[in-house]
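These notes are about the structure you will find just below.
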Amino acid sequence: MIRAQNIFIVGPMGAGKSTVGRQLAEALSYTFKDSDQEIQRRTGVDIPTIFEFEGESGFRARERQVIIDLIAGERMVLATGGGVVLDPENRQDLAARGVVIYLHCSAEQQHARTARDRNRPLLDTEEPLQRLRELMEEREPLYRQVADMVVTTEKRGTGSVVKEIVRRLEEGATGVL
Ligand SMILES: Nc1ncnc2c1ncn2[C@@H]1O[C@H](COP(=O)(O)OP(=O)(O)O)[C@@H](O)[C@H]1O
Ligand SMILES: O=C(O)C1=C[C@@H](OP(=O)(O)O)[C@@H](O)[C@H](O)C1
Ligand SMILES: [Mg+2]
């Protein structure tokens, strides 16, 4: 029996949270939400513009509010942004309201997948790969702290990642399916 649960996807930029999250929702017939999409919908501007006018702290405040509003849902796959775990209240809420899946991959793989995209202001630097490594060092323990399941997306397609997640949910390790 499928319980009324939520699935929250965390992990670094380029791990594939938004892409895998959408496909996973489709596979489970769950609603799909993406916190960055929701922030952009609410403000009517893109993420770089929010960072430009309100700084990272302004963005984090908006992200926090979106998490508060969205976690009340049911049967939802929520793809979060890579920095969601920085806020202890976000970590607490995600852990309490659903199954948290950490999509993991190397900084090199994150870099390869984000290099052509100008939509991530934290990577708008001379040394994006170095920045990704630093962010991973800071955040990896936080991803692991909240995760019920860790899945690698290193050198594999999204279809294979989604299949593994569905199989592991069905195996009952998390109690979702
Ligand atoms: N497993 C994968 N294999 C190849 N490309 C991927 C994979 N997962 C995501 N991508 C691509 O990498 C980019 C970043 O993916 P995205 O889902 O936006 O990551 P995130 O939301 O974690 O930052 C997108 O262009 C996406 O199509
Ligand atoms: O790692 C981060 O702090 C961020 C990740 C981005 O989302 P993705 O992880 O989906 O790229 C987006 O929320 C914002 O640019 C900040
Ligand atoms: Mg995303």
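Heads up: numbering here begins at 1 and tracks the sequence. Every number for a ligand or one of its atoms is a count from 1 in the order of the listing.
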Output the list of atoms in ligand 1 that are nearer than 4.0 Å to some heavy atom of [X], sorted by atom number.
| X | value |
| --- | --- |
| Thr158 | 1 (N), 2 (C), 7 (C), 8 (N) |
| Met13 | 23 (O) |
| Pro12 | 22 (O) |

Of the protein N/O/S atoms, how many lie under 2.8 Å from the Mg ion (ligand 3):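 Of the protein's nitrogen, oxygen and sulfur atoms, 1 lie under 2.8 Å from the Mg ion (ligand 3).
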Answer yes or no: is there a donor N or O on one side and an acceptor on the other, between the side chain of Asp148 and the main chain of Val100, under 3.5 Å?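 It does hold such a pair.
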At what distance is the nearest protein heavy atom to [atom], and which residue and atom is it?
| atom | value |
| --- | --- |
| atom 9 (C) of ligand 1 | Gly16 CA, 3.7 Å |
| atom 1 (N) of ligand 1 | Arg156 O, 2.7 Å |
| atom 15 (O) of ligand 1 | Thr19 OG1, 3.6 Å |
| atom 14 (C) of ligand 1 | Arg120 NH2, 3.9 Å |
| atom 25 (O) of ligand 1 | Arg113 O, 4.4 Å |

Mind checking the [atom1]-[atom2] spacing from [X] to [Y]? Nearest 0.5 Å is all I need.
| X | Y | atom1 | atom2 | value |
| --- | --- | --- | --- | --- |
| Thr152 | Gln109 | OG1 | CD | 8.0 Å |
| Ile67 | Arg97 | CD1 | CZ | 12.5 Å |
| Lys155 | Glu108 | NZ | CD | 9.0 Å |
| Arg62 | Ser57 | CZ | OG | 11.0 Å |
| Ile101 | Ile7 | CD1 | CD1 | 5.0 Å |

So, for Arg133 and Ala107, which heavy atoms are closest and what is the spacing to 0.1 Å?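 Smallest heavy-atom distance, with atoms named: CG-CB, 3.7 Å.
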Go through it in stages, so that I can follow the logic: the residues are Glu63 and Arg60, the test is salt bridge (charged side-chain N to carboxylate O under 4.0 Å, His left out), and I'd like the CA-CA distance, side-chain angles, deciding distance and then a yes or no. CA-CA 5 Å; Glu63 184 174 54; Arg60 296 295 168 212; 2.9 Å; yes
Heavy atom of [X] under 4.0 Å from ligand 1?
| X | value |
| --- | --- |
| Gly81 | no |
| Ala15 | yes |
| Gly157 | yes |

Glu89: which residues meet the side-chain contact (heavy atoms from CB on, under 4.5 Å) condition with it, sequence neighbours left out?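 Only Arg64, Asp87 meet the side-chain contact (heavy atoms from CB on, under 4.5 Å) criterion with Glu89.
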Is the CZ atom of Arg22 crowded by more than 12 outside heavy atoms at less than 6.0 Å?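 12 or below, so no.
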Give the residues near ligand 2 by chain and number, with the criterion being a heavy-atom distance under 4.0 Å.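 Ligand 2 is contacted, at a heavy-atom distance under 4.0 Å, by Met13, Lys17, Asp36, Ile47, Phe59, Arg60, Gly81, Gly82, Gly83, Arg120, Pro121, Leu122, Arg139.
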I'd like to know if Ile9 and Met76 are part of one continuous hydrophobic network [Ile/Leu/Val/Met/Phe/Trp/Tyr, side-chain heavy atoms within less than 4.5 Å].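 Looking at the clustering, Ile9 is in a separate group from Met76.
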Would you say Met149 and Leu94 are hydrophobically clustered, going by side-chain heavy atoms of ILVMFWY under 4.5 Å?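 Not linked; separate clusters.
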Partner residues of Arg42 under the side-chain hydrogen bond (donor to acceptor under 3.5 Å, both in side chains) criterion, sequence neighbours left out: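 side-chain hydrogen bond (donor to acceptor under 3.5 Å, both in side chains) list for Arg42, sorted by chain: Glu38, Asp69.
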Salt bridge (charged side-chain N to carboxylate O under 4.0 Å, His left out) evaluation trace for Glu171 with Arg167: CA-CA 6 Å; Glu171 279 171 0; Arg167 178 180 55 74; 3.0 Å; yes
Pair Arg131 + Glu127, salt bridge at N-O below 4.0 Å: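 No.
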